[in-house]
Amino acid sequence: MTVEQPDPKRGDIAVRLLDWYDGSARALPWRVLPGSAKRGDPYRIWLSEIMLQQTTVAAVIPYFGKFTARWPDVVALAEADEGEVMAAWAGLGYYARARNLIACARRVRDEHGGVFPDSEAALRNLPGIGDYTAAAIAAIAFDRPATVVDANVERVVARLFAIRETLPQGKRAIRAAAASITPERRPGDFAQAMMDLGSRICTPRNPDCPTCPLAEHCAGHRLGIAAALPAKPARRPRPQRRGWAYWVERDGAILLVRRPGKGMLGGMRALPGGAWDDELGPAPVETDPTGIAVQHVFTHFALELHLARLPAQSRLAGELAGEWWPIESLDGAGLPTLYAKAARAIAAAGPMEGS
DNA sequence: AAGACGTGGAG
DNA sequence: TCTCCAAGTCT
């Protein structure tokens, strides 16, 4: 790894960035704006950070409001019914986060007296909190000078220092460079400023360098290669999978099951159904194909989910352990998007005879 | 240490 | 339409 000589102006980067942030920080529900006398609430900062993992601010905002209204502090969340938390998370994706959220809240309650630890190391040991989140909470909630590196920071720093190494190999150099510009004062604002800059100006495509407060310090900009950084490996193609889901209806209610705790949509309510494979097998015996299918794209595969009616009194339906959920209040069942979409498709096809 | 793990918005 | 990707973590 090549370590560059410290730029005499390097210390100026944080100053410039914080000045920009002071005038341009976005107001976000979990954020304490610069200049405010208020102190950030570790619970809300933690919750927002977990929700923001791989998720856009716009998607998080309504969920954050819903969670904080219902569970105003970490102990309240620790005491919550797991199923209710999972249902409240439905639609946000990456459901392991919700499982870890509950586990983390309970650890904070049981091992830390209901108070979030304030060190990066202690935070890092909590479920769902990795390198990034531990540093972010330490910096933002506790004013610790932690080096916060997320995808925004990686992009900004790779450009600022013209680090051409492809990710993930380049992460070491990027982290070192990020550490070299992280200030002792206002580390939390600095981290948030880097992320704001990355999401609003130093964007993945078409960075708006003319308005960037760091442009004159940016080696990538000077070399005309900013937009191309950081280099990333090519993606793998996304396979297509197919499977059956069953619509079991009785007295205006449908049968919902709970998916296993790990794996896809783990711990979430779902329509019963079969495995997902490369090819669509024949509709299982006793089922009556509807001809309706929904297409849904996950991160590493696409799914074509075919829907079949299954008589409530059938042997197969009898073997399904689940709960009967009133169709008219299906919105409140907390179904992940795949199954919400499937239910919507059935409803759109019009009412059918119960069996 | 790659691959698993959701979803919706932007270009 | 299609590709990229967003405040990553876990195994």
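It should be emphasised that the depicted structure is a prediction, and the values quoted were computed from it without experimental measurement. Throughout, protein chains are lettered first and strands after them, A, B, ... in sequence-line order, and every chain is numbered starting at 1. Reckoned from all heavy atoms, side chains included, excluding hydrogens, waters and symmetry mates.
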Undergrad: Under 4.0 angstrom, heavy atoms only, what part of the nucleic acid is A:Val297 near: base, sugar-phosphate, or nothing?
TA: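 It contacts base atoms.
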Undergrad: Looking at A:Asp131 and A:Lys171, does any basic side-chain N land under 4.0 Å from a carboxylate oxygen?
TA: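 Salt bridge flag = no for A:Lys171 with A:Asp131.
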Undergrad: Over how many whole Å does the gap from A:Tyr132 atom OH to C:dA6 atom C1' extend?
TA: 11 Å
Undergrad: Would you mind telling me which of B:dG8, B:dA4, C:dC5 lies closest to the side-chain atoms of A:Thr337?
TA: B:dG8
Undergrad: Return the residues of residues 138-149 of chain A meeting this criterion: a heavy atom under 4.0 Å from some atom of DNA chain C. Order them by number, or give none.
TA: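 Output list: empty, so none.
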Undergrad: Tell me, which of residues 20-29 of chain A have any heavy atom that sits under 4.0 Å from an atom in DNA chain C?
TA: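 Here the set is A:Arg26, A:Leu28.
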Undergrad: Please check the phosphate of B:dC5 (OP1 and OP2 only) for any side-chain N or O of A:His300 closer than 4.0 Å.
TA: yes
Undergrad: Could you give the CD-to-C1' distance, from A:Gln295 to C:dT1, as a whole number of Å?
TA: 13 Å
Undergrad: Between A:Arg172 and A:Glu165, does any NZ, NE, NH1 or NH2 come within less than 4.0 Å of an OD or OE carboxylate oxygen?
TA: no
Undergrad: Would you mind reading off the distance between A:Arg97 atom CZ and B:dT7 atom P, rounded to a whole angstrom?
TA: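 Going from A:Arg97 (CZ) to B:dT7 (P), I get 10 Å.
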Undergrad: Can you tell me how far CG of A:Leu305 sits from CD1 of A:Ile292, rounded to the nearest 0.5 angstrom?
TA: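 So the CD1 of A:Ile292 and the CG of A:Leu305 are separated by 11.5 Å.
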Undergrad: Is the closest basic N to carboxylate O distance between A:Asp196 and A:Arg31 below 4.0 Å?
TA: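 A:Arg31 and A:Asp196: salt-bridged.
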Undergrad: So, taking the atom named CG in A:Leu307 and the one named CD1 in A:Ile346, what distance separates them when rounded to the nearest 0.5 Å?
TA: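 Here the rounded value is 4.5 Å.
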Undergrad: Need to verify one output field. Residue with the more 5' nearest nucleotide on DNA chain C, A:Gly128 or A:Thr203?
TA: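 Nearer the 5' end of the strand: A:Thr203.
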Undergrad: For the residue pair A:Phe298 and A:Phe301, is the inter-centroid distance of their aromatic rings smaller than 6.0 Å?
TA: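 Centroid distance A:Phe298-A:Phe301: below 6.0 Å, so yes.
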Undergrad: Once you apply a heavy-atom cut-off of 4.0 Å, does A:Pro127 come out as touching a base, just sugar-phosphate, or nothing?
TA: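 Sugar-phosphate only.
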Undergrad: What is the distance, rounded to the nearest whole Å, between atom OH of A:Tyr94 and atom C1' of C:dC10?
TA: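 A:Tyr94 atom OH is separated from C:dC10 atom C1' by 12 Å.
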Undergrad: Touch check for A:Arg235, heavy atoms < 4.0 angstrom, all strands: base, sugar-phosphate only, or nothing?
TA: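 Here A:Arg235 touches the bases of the nucleic acid.
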Undergrad: By the 4.0 Å heavy-atom rule, please label A:Gly91 as base, sugar-phosphate, or nothing.
TA: sugar-phosphate
Undergrad: Indicate whether the side chain of A:Arg97 and that of A:Thr55 have a donor and an acceptor atom separated by less than 3.5 Å.
TA: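 Looking only at side-chain atoms, A:Thr55 and A:Arg97 do form a donor-acceptor pair, the distance falling under 3.5 Å.
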Undergrad: Using atom CD of A:Gln169 as one end and atom C1' of B:dA1 as the other, report the distance to the nearest whole Å.
TA: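 From A:Gln169 CD to B:dA1 C1': 11 Å.
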Undergrad: If you check the A:Asp150 side chain, which of C:dA6, B:dC5, C:dG8 turns out closest?
TA: C:dG8
Undergrad: Would you mind reading off the distance between A:Leu338 atom CG and B:dT7 atom C1', rounded to a whole angstrom?
TA: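 Taking CG of A:Leu338 and C1' of B:dT7, I get 11 Å after rounding.
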Undergrad: How many whole angstroms separate atom CE of A:Met264 from atom P of B:dG6?
TA: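 The distance from CE of A:Met264 to P of B:dG6 comes to 5 Å, rounded to the nearest Å.
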Undergrad: Assess whether a salt bridge exists between A:Glu82 and A:Arg106, defined as any Lys/Arg side-chain N lying under 4.0 Å from an Asp/Glu carboxylate O.
TA: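 Looking at A:Arg106 together with A:Glu82, the answer is yes, because their closest N to O distance falls below 4.0 Å.
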Undergrad: Determine whether more than 12 heavy atoms belonging to other residues, nucleotides or ligands lie under 6.0 Å from atom CZ of A:Arg70.
TA: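 Atom CZ in A:Arg70 is packed in, count exceeds 12.
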Undergrad: Can a donor-acceptor pair under 3.5 Å be found between the side-chain atoms of A:Thr55 and the base atoms of B:dG6?
TA: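 Under the 3.5 Å cut-off, the side chain and the base do form a donor-acceptor pair.
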Undergrad: Could you check which of B:dG11, B:dT7, C:dG8 has an atom nearest any side-chain atom of A:Asn206?
TA: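 Between B:dG11, B:dT7, C:dG8, the one nearest the side chain of A:Asn206 would be B:dG11.
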Undergrad: Nearest of B:dG6, C:dT11, B:dC5 to any side-chain atom of A:Phe298?
TA: B:dG6
Undergrad: Can you tell whether the side chains of A:Glu319 and A:Arg315 come within less than 4.0 Å, N to carboxylate O?
TA: yes
Undergrad: Base, sugar-phosphate alone, or nothing: which one does A:Gly263 contact when heavy atoms must sit under 4.0 Å apart?
TA: sugar-phosphate
Undergrad: Given B:dA4, is OP1 or OP2 found less than 4.0 Å from the side-chain N or O atoms of A:Arg241?
TA: no
Undergrad: Contact class for A:Arg31 vs. all strands (heavy atom < 4.0 Å): base, sugar-phosphate, or nothing?
TA: base
Undergrad: Over all strands shown, is A:Ala151 touching base, sugar-phosphate only, or nothing at heavy-atom distances under 4.0 angstrom?
TA: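 Sugar-phosphate contact only.
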Undergrad: Quick one: does A:Tyr63's side chain get under 4.5 Å of A:Trp89's, heavy atoms only?
TA: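 Not in contact.
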Undergrad: Nearest whole Å is fine: how far is C:dG8 P from A:Ile50 CD1?
TA: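 Going from CD1 in A:Ile50 over to P in C:dG8 covers 11 Å.
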Undergrad: Using atom P in both nucleotides, what's the gap between B:dG8 and C:dT9 to the nearest angstrom?
TA: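 That atom pair is separated by 22 Å.
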Undergrad: Taking the side chain of A:Lys262 as heavy atoms from C-beta outward, which of C:dT11, B:dG6, C:dC4 is closest to it?
TA: C:dT11
Undergrad: For A:Trp30, which contact category applies under a 4.0 Å heavy-atom criterion: base, sugar-phosphate, or nothing?
TA: base
Undergrad: Between B:dA10, C:dT9, B:dG6, which nucleotide gets closest to the side-chain atoms of A:Gln53?
TA: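 Minimum distance to the A:Gln53 side chain belongs to C:dT9.
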Undergrad: Nearest to the side chain of A:Thr133 - C:dT9, B:dC5, B:dG6?
TA: C:dT9
